[in-house]
Amino acid sequence: MRKLTLLAAGAMLLASQTPTVMAERQNPFLQPYDTKYEIAPFDKIETSDFIPAIKAGIAEQDEAIFNIIRNRATPDFDNTILPLENLSPILERVSGVFYHYMEAMSTPEFAAMADEAIPMLNDANNKLMLNDQLFQRIKSVYDMRDKMGLDPVQKRLVEKYYRQFAEQGAALPADKKEQLVKINDELSRLYIQFNRNLLNATNQFAVIVYDRDELSGLPQSSVAQAAEEAAARGLTDSWVFTLHAPSRLPVLQYADSRGLRKAVYEGYTNLASFGDNSNLPVISKIVKLRDEKAKLMGFDNFAQMMTSRVMAKTPEAATQLLMQVFEPAVKRSHEEVADMQAYVDANGGGFKIAPYDYYYYADKVKKQKFDLDDAAIRPYFKLENVMKGMFDATEKLYGVKFVPMPDAPKYIEDMEVYDVVDSKTGEHVAVWMCDYYPRDSKRQGAWMEQMQSAGLYGDGTTKRPIVYNVGNFTKPTADTPSLLTIDEVETMFHEFGHALQGMLSRAPYKSLAGTNVDRDYVEMCSQINEHWAFEPEVLKTYARHYKTGETIPDDLVKKISDAGKFNQGFMTTELAGAALLDMMYGQTPEVSDVKAFEAGVAKKIGMPDEITFRYRSPYFKHIFGDDGYASGYYTYLWAQVLEADAWELFKQKGIFDKKTAASFKKNILEAGDTEDAMVLFERFRGHQPDAAALLRLRGFEK
């Protein structure tokens, strides 16, 4: 607003005076970002920007839908399908940040805003997916797709849009669409409640230790972290342990105090199970609504609906695969428990192994069998060194390197941003961000997502992706850098495998790019990438002692390799058990008593007493935090079959064999969803997936 100075003789602006301009603050989401590679300008984004931008984006999307519908030309790829790829640039920008902040920056202020935003976003999605006029145009293109001269990728995009709209209820009559909208809205509210309960319950739980003797066995880094947590809470002469993995897992694995292990274990396995943050009633409502939704869509149950969309096709096929792996895993776990019980008995324990003893005594047996002490390995796994090893292996395999972008926008100070470039030409390939340390506003776990997809945009340009990895790894302390556990190293490589599929994608359309593939295929890229982390050839390049700089000794590398199949019975049993639990939820119309249902499943499948499901129901975010892995958690194991079979080829040809790596890059990482997943896999591997490869990899079968 200009401030005008008026002369008494008339309303005449003094020519000699320069007016002061008060620039009105611009909402950063409402125009293209002016940053390098269009990275979101996080430093300019305020919580108050989201709602206005979401409203503007929805209006922009509504107008785009109207323009498609009112077009009187015969529906074709260019006037119907292609516009769907770019309905609203504003909504794409704000959604990319919004959904990321929901997981990683969920402050109380943001959470309150999200309560208002989520219903608006859901309503906008319903208006899109249930628009009958739009669906009829899509169907028209779909019906004529073989006569339009489309190339195979364009044809696949048409088929994908038709399938997605049909799966979301676009073909339903009006009354059923109305019912579906109500169910989706209620499910969305329940997902928000589930996630909020879980975050609150996680942050509210702590075990306070006042006696230093209770810390016996714990690595010094864990003790220091617990002391810092206590100090942050205003406590002196004490140590605080939380349920965040970097705090919880060292206690379960190393603490000599059985009482401390039990307190942390029971705190975790009862997470979000009581009080104001109980997810038990939330789960009951979700299960019932999902069953109603499936029947509305013409399926017998929710699991049938969800598996029909992916490679497994039926709940029975998925369950059959799970049992093929679960039964030999349980058999192996009994052997592992027997070894642990023998150790307890030989050392005068006088008790039966309980679930909270598993990690601790597995570690003892591991040391006994392989002379391998995980605590002795951590000094060689400084986070920055592990990351460099990951980058070096990637460059050797796929020809890209990671150049730091220190001046890039960040939403939190300790994240890092990299320009991913072709190592020969310097061509920009992608932006990669990492956010690796726990905080109260971040949910547990580790994941990959993208803020910008690769593909064709509305302005006619093809953009490269902006991808991020998030984790909850061990934080550095005042005198110790972040030293990762073997599990954390594996997780870093795993999530980076997802990132590679997002970053290297060459699919021409956003809906087919990166990780936009079948759910039981998407985990293949992440799980195969784990293998390079512990290959001796790779370990020697990055595992250096954080104090001395000494390369990890050959004898320690051999011990890590020899112990590679140790405890696979436990790990496979808890994973397959959780997947079977998920599949049974999806085939059950109503669950009034969640704890009893879970116990019944454990008994039915023969879950060992010493092992708990990888995720108990109240904190099984994969299946109750949204629909993402619901009746689909089995996909981790199905993808492990693909990964194990693919890895055997790398082992046969050489882990850095150029021809094998180039084929994997072209047919798997770059291809996205441009062809059927089975076709792409067979083209790379030369045959259909061999389930026995997973049993061989886990050491269950020779």
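- Within the 3.5 Å criterion, the main-chain N or O of A272 finds no donor-acceptor partner in the side chain of N197.
- Counting heavy-atom neighbours within 6.0 Å of Q133 CD, excluding the residue itself, gives a total of 12 or less.
- A salt bridge links K442 to D435: one of the charged nitrogens lies within less than 4.0 Å of a carboxylate oxygen.
- Between the Q193 side chain and the V282 main chain, no donor and acceptor come within less than 3.5 Å of each other.
- At distances below 3.5 Å, not a single donor-acceptor pair connects side-chain atoms of T474 with backbone N or O atoms of L484.
- No donor-acceptor pair under 3.5 Å is formed between the side chain of D626 and the backbone N or O of Y191.
- F496 pairs in a ring-ring contact (aromatic ring centres under 6.0 Å, His included) with only one of the listed residues (Y436, Y468, W432), which is W432.
- In this structure a side-chain-to-backbone donor-acceptor pair under 3.5 Å is present from R93 to F29.
- Looking only at side-chain heavy atoms (C-beta outward), L134 and L84 come within less than 4.5 Å of each other.
- Take F110 and apply the ring pair (Phe, Tyr, Trp, His ring centres under 6.0 Å) test, not counting sequence neighbours, and it matches F50, F98, Y101.
- For E384, the side chain to side chain donor-acceptor pair (under 3.5 Å) test picks out no residue, with sequence neighbours left out.
- Within the 4.5 Å cutoff, the side chain of K160 has heavy atoms near those of the N516 side chain.
- Counting heavy atoms of neighbouring residues, nucleotides and ligands inside a 6.0 Å radius, atom CG of D276 does not exceed 12 of them.
- The ring pair (Phe, Tyr, Trp, His ring centres under 6.0 Å) test applied to Y585 returns F597, F624, not counting sequence neighbours.
- Among residues two or more places apart in sequence or in another chain, the side-chain contact (heavy atoms from CB on, under 4.5 Å) test is passed with E266 by K262, N270.
- Donor-acceptor pairing under 3.5 Å is lacking for the side chains of Y629 and T635.
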Report, one line per pair, each donor and acceptor closer than 3.5 Å where one atom sits in a side chain of residues 446-458; sequence neighbours left out.
{"from": "Q452", "atom 1": "NE2", "to": "R464", "atom 2": "O", "distance (Å)": "2.8"}
{"from": "Y457", "atom 1": "OH", "to": "S453", "atom 2": "N", "distance (Å)": "3.3"}
{"from": "Y457", "atom 1": "OH", "to": "S453", "atom 2": "O", "distance (Å)": "2.8"}

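- In the model, Y521 has no side-chain atom that pairs as donor or acceptor with a side-chain atom of D673 under 3.5 Å.
- Around the OH atom of Y99, the shell of radius 6.0 Å holds more than 12 heavy atoms that belong to other residues, nucleotides or ligands.
- You'll find the side chain of L280 stays beyond 4.5 Å of the side chain of F274, heavy atoms only.
- Side chains of S88 and Q61: a donor-acceptor N/O pair is absent below 3.5 angstrom, by distance only.
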Got a list of side-chain donor-acceptor pairs under 3.5 Å for residues 235-245, not counting sequence neighbours?
{"from": "S238", "atom 1": "OG", "to": "T236", "atom 2": "O", "distance (Å)": "3.4"}
{"from": "T242", "atom 1": "OG1", "to": "H244", "atom 2": "N", "distance (Å)": "3.3"}

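- In this structure the side chain of T477 never reaches within 4.5 angstrom of the side chain of S221, judged on heavy atoms.
- One N or O on the side chain of N472 and one on the backbone of R443 form a donor-acceptor pair closer than 3.5 Å.
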**Report entry** N86 vs K510, side chain to side chain contact (heavy atoms under 4.5 Å, CB included): CA-CA, chis, key distance, verdict
**Finding:** CA-CA 9 Å; N86 295 284; K510 291 184 283 185; 2.6 Å; yes
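- Listed for the R519 side chain is a donor-acceptor partner under 3.5 Å among the backbone atoms of G628.
- Residues that satisfy the side-chain contact (heavy atoms from CB on, under 4.5 Å) test with A171, not counting sequence neighbours, are F135.
- Checked by atom type, the side-chain pair T307/Y634 shows no donor-acceptor distance below 3.5 Å.
- Side-chain N or O atoms of R439 include one that pairs as donor or acceptor with a backbone N or O of A104 at under 3.5 Å.
- In terms of the ring pair (Phe, Tyr, Trp, His ring centres under 6.0 Å) criterion, residue partners of F42 (sequence neighbours excluded) are, by chain and number, Y411.
- For Y633, the ring pair (Phe, Tyr, Trp, His ring centres under 6.0 Å) partners at least two apart in sequence or on another chain are F620, H622, Y636.
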Query raised in the report: Does the pair I65 and L128 meet the rule for a side chain to side chain contact (heavy atoms under 4.5 Å, CB included), with working shown?
Result: CA-CA 8 Å; I65 295 169; L128 168 65; 3.7 Å; yes
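- Scored by the side chain to side chain donor-acceptor pair (under 3.5 Å) test, K293 finds N184 as partners (sequence neighbours excluded).
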**Report entry** E488 and L249: CA distance, side-chain angles, deciding distance, side chain to side chain contact (heavy atoms under 4.5 Å, CB included) verdict
**Finding:** CA-CA 11 Å; E488 288 176 329; L249 293 178; over 6 Å; no
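- With respect to the salt-bridge test (charged N to carboxylate O, under 4.0 angstrom), the residues R25 and D49 qualify.
- Listed by first then second residue, pairs satisfying side-chain hydrogen bond (donor to acceptor under 3.5 Å, both in side chains) with a partner in residues 587-597 number zero, not counting sequence neighbours.
- Taking the charged nitrogens against the carboxylate oxygens, D407 and K36 have no contact shorter than 4.0 Å, which rules out a salt bridge.
- Taking the charged nitrogens against the carboxylate oxygens, K182 and E186 have no contact shorter than 4.0 Å, which rules out a salt bridge.
- Electrostatic pairing of E228 and K475 does not count as a salt bridge here, judged by no charged N lying under 4.0 Å from a carboxylate O.
- Formation of a donor-acceptor pair under 3.5 Å by the T491 side chain with backbone atoms of D487 is found in this model.
- Taking the side-chain contact (heavy atoms from CB on, under 4.5 Å) definition, one finds that N122 meets it with I118, D185, S188, sequence neighbours left out.
- The main-chain N or O of E523 is found under 3.5 Å from a side-chain atom of S526 such that the two form a donor-acceptor pair.
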